[in-house]
Amino acid sequence: MNLIDNRTHTPRPRQAVGVANRTTVEYGVAQAELGCVLIARSVGGVCAILIGADAEQLERDLADRFPGRALNRNEAGLRTELAKVLRFIDNPGEGLDLPLALRGTTLQRRVWQALRAIPAGTTITYAELAVRVGAPTSARAVANACAANVIALAIPCHRVVRSSGELAGYRWGIERKRTLIAKEAML
DNA sequence: TTTAGAGAACGCG
DNA sequence: CGCGTTCTCTAAA
């Protein structure tokens with residue numbers, strides 16, 4: 001407990017996160033090696049890439065994530081994005097470049113942005129990631145930001161591991177995380 | 001709305 | 001395992 005607050009306790013301004021947004025979310029589902037994949041797009045770009053067992057589960061997941069928003073399934077409209085993601089899963093070396101519509105707090109945006117700079121085939125620790133976003137003592141908080149990521153693959157939170165080398169959690173299943181890292185390691 | 005607590009994909013000794 | 005840390009969410013005032 002510090003008597004004098006010598007840390008960077010500056011309450012950085014937070015991004016408005018829960019802003020009401022009535023925009024429709026369009027999404028498409030496809031089957032991949034890794035599992036069923038759902039890609040959702042809103043104004044500005046892809047707002048979610050979810051992985052799961054089947055379309056129904058993913059649709060529930062999406063509804064959870066965007067409460068109150070109209071959700072329109074539209075495979076044809078998402079055809080380009082779906083193709084890119086499927087190609088990335090087969091060949092992660094080519095990268096996955098998609099316009100993203102990020103909605104999050106300041107720290108989350110910083111972390112997610114930093115994640116996009118982590119090349120396929122490499123991993124980073126939460127501690128190192130914390131250093132990169134300028135919050136060296138905030139590894140725990142950085143992990144929170146990783147855990148809050150809903151754009152799988154395009155924001156490669158699967159490349160973040162513990163300092164001990166162990167895999168930490170993965171929203172879409174630790175096994176998938178292991179698979180992704182292993183596949184990328186063979187580049 | 002402000003606040004206090006608890007929890008979280010961490011790290012170190 | 002215990003504790004320091006930082007951020008987020010939620011219940012309560």
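Quick note on labels: first sequence line is chain A, next is B, and so on, each numbered from 1. Owing to the predicted nature of the structure, the values given are computational and were not obtained by experimental measurement.
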Novice: Kindly say whether A/Ile118 contributes a backbone atom to a donor-acceptor pair with the side chain of A/Arg159 at under 3.5 angstrom?
Specialist: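 Yes, because the side chain of A/Arg159 sits within donor-acceptor range (under 3.5 Å) of the backbone of A/Ile118.
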Novice: Would you kindly give the CG-to-P distance between A/Leu129 and C/dC7, to the nearest whole Å?
Specialist: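 Distance check: A/Leu129 CG to C/dC7 P gives 14 Å.
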Novice: Would the distance check show the side chain of A/Arg73 and the main-chain N or O of A/Glu59 forming a donor-acceptor pair, the cut-off being under 3.5 Å?
Specialist: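 No, A/Arg73 side chain to A/Glu59 backbone: no donor-acceptor pair under 3.5 Å.
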Novice: Hey, is A/Arg60 close enough to A/Glu56 for a salt bridge, meaning N to O under 4.0 Å?
Specialist: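 Here A/Arg60 does not pair with A/Glu56 in a salt bridge, since their nearest N and O are not under 4.0 Å apart.
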Novice: Could you provide the dot-bracket string of DNA chain B, using ( ) for intrastrand pairs, [ ] for crossing pairs and | for bases paired to another strand, with Watson-Crick or G-U pairs below 3.5 Å?
Specialist: ||||||||.||||
Novice: Could you tell me whether the side chain of A/Glu75 and the main chain of A/Val29 form a donor-acceptor pair under 3.5 Å?
Specialist: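 Looks like yes, one N/O pair under 3.5 Å.
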Novice: Does A/Asn149 use its side chain to pair, donor to acceptor, with the backbone of A/Ile155 at less than 3.5 Å?
Specialist: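 Answer holds: yes.
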Novice: Report which part of the nucleic acid A/Ala147 touches: base, sugar-phosphate, or nothing (heavy-atom distance under 4.0 Å, all strands).
Specialist: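 Base, at least one base atom sits under 4.0 Å.
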Novice: Return the value, rounded to whole Å, for the distance between atom CD of A/Gln108 and atom C1' of C/dT8.
Specialist: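 Distance check: A/Gln108 CD to C/dT8 C1' gives 8 Å.
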Novice: Any protein N or O atoms within reach of nucleotides 11-13 of chain B? Criterion: under 3.5 Å, listing atom names and distances.
Specialist:
| unit_1 | atom_1 | unit_2 | atom_2 | d |
| --- | --- | --- | --- | --- |
| B/dG11 | OP1 | A/Ala127 | N | 3.1 |
| B/dG11 | OP1 | A/Ser163 | OG | 2.7 |
| B/dG11 | OP2 | A/Ser163 | N | 3.0 |

Novice: Donor-acceptor pair, A/Trp112 side chain versus A/Arg103 backbone, under 3.5 Å?
Specialist: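 No, because the side chain of A/Trp112 does not come within donor-acceptor range (under 3.5 Å) of the backbone of A/Arg103.
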Novice: In whole Å, I'd like the distance from the CD atom of A/Glu166 to the C1' atom of B/dA9.
Specialist: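 One finds 12 Å between C1' of B/dA9 and CD of A/Glu166, rounded.
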Novice: Send over the distance from A/Asn144 CG to C/dT5 C1', rounded to a whole Å.
Specialist: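 It works out to 11 Å between those atoms.
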Novice: Are the charged groups of A/Arg178 and A/Glu175 less than 4.0 angstrom apart, N to O?
Specialist: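 Answer for the salt bridge query: yes.
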Novice: Strictly distance-based, threshold 3.5 Å: is any side-chain N or O of A/Arg69 a donor or acceptor partner for the main-chain N or O of A/Thr23?
Specialist: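 Answer holds: yes.
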Novice: So does A/Leu96 get a backbone contact from the side chain of A/Lys84, meaning a donor-acceptor N/O pair under 3.5 Å?
Specialist: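 Answer holds: no.
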Novice: Output the rounded distance in Å from CZ (A/Arg110) to P (C/dT6).
Specialist: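 A/Arg110 atom CZ is separated from C/dT6 atom P by 14 Å.
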Novice: Round to the nearest Å and state the distance from A/Tyr170 atom OH to B/dA8 atom C1'.
Specialist: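 It works out to 18 Å between those atoms.
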Novice: Reckon A/Thr137 has a side-chain N or O less than 4.0 Å from the OP1 or OP2 of C/dG4?
Specialist: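 A/Thr137 to C/dG4 OP1/OP2: no side-chain N or O under 4.0 Å.
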Novice: To the nearest Å, give me how far apart CG (A/Leu180) and P (B/dA9) are.
Specialist: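 It is 18 Å, rounded to the nearest whole Å.
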